[in-house]
2 protein chains.
Amino acid sequence: MSRFDSRSTSKIDQERGRFLKHLARTGLRVSRGRELIFNEVMQIHGHFTAEQLTKKCQKKNLKVSRPTVFRILHDLLAAGVIRETAFGDKHRHFEHVYDEKPHHHAFCIYCHGFIEFPDMKEDMVYHSIIEKKGFKILGHEMHFYGMCRKCQEKAA
Amino acid sequence: MSRFDSRSTSKIDQERGRFLKHLARTGLRVSRGRELIFNEVMQIHGHFTAEQLTKKCQKKNLKVSRPTVFRILHDLLAAGVIRETAFGDKHRHFEHVYDEKPHHHAFCIYCHGFIEFPDMKEDMVYHSIIEKKGFKILGHEMHFYGMCRKCQEKAA
DNA sequence: TCATATAATGATACACTATCTCATATGAGT
DNA sequence: ACTCATATGAGATAGTGTATCATTATATGA
């Protein structure tokens with residue numbers, strides 16, 4: 001029996017299954033750290049950095065070191081449980097894939113905040129162009145940048 | 001008379017004008033470093049990092065320090081002569097704006113290479129959604145990610 | 001031209017994120 | 001329990017981008 005938290009919904013179970021399968025395939029163990037990080041990540045809604053995740057664990061007295069957090073995030077990436085988004089700052093930003101509707105981001109270049117908006121599928125026109133070049137598409141992100149409402153008000 | 005390289009095309013002249021105007025507005029001088037970096041940047045086709053630019057200068061025996069390169073790139077950004085693109089790695093990537101047709105990127109997650117493809121304007125549908133939230137759009141980038149042809153061949 | 005003020009520059013140190021190393025701890029399987 | 005591979009943490013390290021500050025260069029006015 002898995003020692004992972006058993007209160008999870010079926011969607012989280014599905015992700016857990018994906019993760020366990022990946023670990024089995026690559027000969028990695030279901031360790032304390034991996035259980036712990038998996039459960040924490042699944043409870044986060046929205047984006048997070050490795051730093052934020054580490055602090056979240058430390059606040060809960062879940063002992064896990066920074067290198068371990070990075071290592072396990074790498075596992076989760078490889079398993080396809082989380083994905084990475086480039087926000088243009090010096091941090092790596094992650095979000096889990098389950099329960100997330102496809103969406104994109106608009107970044108404020110003044111306060112570095114962002115808003116989300118839904119994927120409208122209008123960008124599918126690009127697929128044929130890119131795949132004609134032999135590139136296999138695994139995903140896409142659209143980044144708008146500009147000035148958020150609050151920063152406009154401040155400037156005025 | 002400006003001491004900037006005078007062999008330039010009208011498009012580069014236009015950019016030079018934009019830069020000089022910015023310097024004048026903000027009380028900055030037309031210094032040796034700014035001339036030098038401006039000319040080098042204008043000669044680059046495609047993307048570059050501060051590191052690459054610094055090495056390019058050093059190879060040509062153009063003496064300019066790393067802090068100065070960063071400072072002047074900041075000036076060029078503020079003047080709107082270059083723009084920044086988040087590539088998902090730890091570097092800041094720049095490209096000059098002149099002579100560039102609007103385009104986007106597809107990144108290979110295996111070799112970190114990328115291909116470019118033209119902007120098709122199909123993404124304009126997003127503008128109304130975002131601006132309804134009070135966000136003022138200044139630009140946008142579309143990032144596809146996946147596996148390039150070469151990496152697919154290697155894997156096969 | 002000289003004096004003075006202001007900006008630019010480079011050397012150096014620094015901050016920060018992410019990663020590497022390696023000794024130790026842990027777990028799985030026999 | 002023993003053996004051996006993997007996981008972990010402490011600390012060192014790498015790499016990028018900044019900050020500090022003394023020095024140099026430039027512009028301006030007398």
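Throughout, protein chains are lettered first and strands after them, A, B, ... in sequence-line order, and every chain is numbered starting at 1. These numbers come from a predicted model, not from an experiment.
With sequence neighbours left out, B:E116 forms a salt bridge (Lys or Arg N to Asp or Glu O under 4.0 Å) with no residue at all. Among residues two or more places apart in sequence or in another chain, the ring pair (Phe, Tyr, Trp, His ring centres under 6.0 Å) test is passed with B:F144 by A:H127, A:H140, B:F117. In terms of the side-chain contact (heavy atoms from CB on, under 4.5 Å) criterion, residue partners of A:R83 (sequence neighbours excluded) are, by chain and number, A:E95, A:V97, A:E100, B:Y145. Applying the side-chain contact (heavy atoms from CB on, under 4.5 Å) rule to A:R18 yields the partners A:E15, A:V81; only residues at least two apart in sequence or on another chain are considered. Partners of B:K60 according to the salt bridge (Lys or Arg N to Asp or Glu O under 4.0 Å) rule, which considers only residues two or more places apart in sequence or in another chain, are B:E40.
The side chain of A:S31 places no N or O atom within less than 4.0 Å of a non-bridging phosphate oxygen (OP1 or OP2) of D:dT6. Phosphate contact (OP1/OP2 of D:dT16, side-chain N/O of B:T49, threshold under 4.0 Å): absent. Taking 4.0 angstrom as the limit, A:R32 places a side-chain polar atom (N or O) nearer than this to OP1 or OP2 of D:dG9.
Remark: B:H74 NE2 is loosely packed, at most 12 non-hydrogen atoms of other residues, nucleotides or ligands lying under 6.0 Å away. In the displayed structure, A:K21 atom NZ is contacted under 6.0 Å by at most 12 heavy atoms of other residues, nucleotides or ligands.
Spacing between atom CD of B:E35 and atom P of C:dA7 amounts to 19 Å, rounded to whole angstrom units. Rounding to whole angstrom units, CZ of residue A:F48 and P of C:dA18 are separated by 12 Å. Taking atom CD1 of residue B:I37 and atom C1' of nucleotide C:dA8, one finds them 13 Å apart after rounding to whole Å. In this structure, NE2 of B:H91 is placed 12 Å from C1' of C:dA18, rounded to the nearest angstrom. Atoms NZ (A:K55) and P (C:dC16) sit 10 Å apart, rounded to a whole Å. D:dA14 atom C1' lies 15 Å from atom CG of B:D89, rounded to whole Å. A:L36 places its CG atom 17 Å from the C1' atom of C:dG27, with the value rounded to the nearest Å. Following rounding to the nearest Å, B:E51 (CD) and D:dT18 (C1') show an atom-to-atom distance of 15 Å.
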For residues 62-72 of chain B, run the donor-acceptor check on the side chains, cut-off 3.5 Å, and write out each pair with its distance to 0.1 Å, sequence neighbours left out.
residue, atom, partner, partner atom, Å
B:S65, OG, B:T68, OG1, 3.1
B:T68, OG1, B:R71, NH2, 3.2

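Residues of residues 64-85 of chain A having a heavy atom closer than 4.0 Å to DNA chain D, listed by number: A:V64, A:S65, A:P67, A:T68, A:R71, A:I72.
Clustering of Ile, Leu, Val, Met, Phe, Trp and Tyr side chains at separations under 4.5 Å places B:F114 together with B:F87, B:F107.
Comparing D:dG17, C:dT19, C:dA8 by their closest approach to the side chain of B:R92 singles out D:dG17.
For B:G33 and A:K90, each mapped to the nucleotide of DNA chain C holding its nearest heavy atom, the one lying further toward the 5' end belongs to B:G33.
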For nucleotides 1-6 of chain C, which of its nitrogen or oxygen atoms have a protein nitrogen or oxygen under 3.5 Å away, and what is each distance?
residue, atom, partner, partner atom, Å
C:dT6, O2, B:R29, NH1, 3.2
C:dT6, O2, B:R29, NH2, 2.7

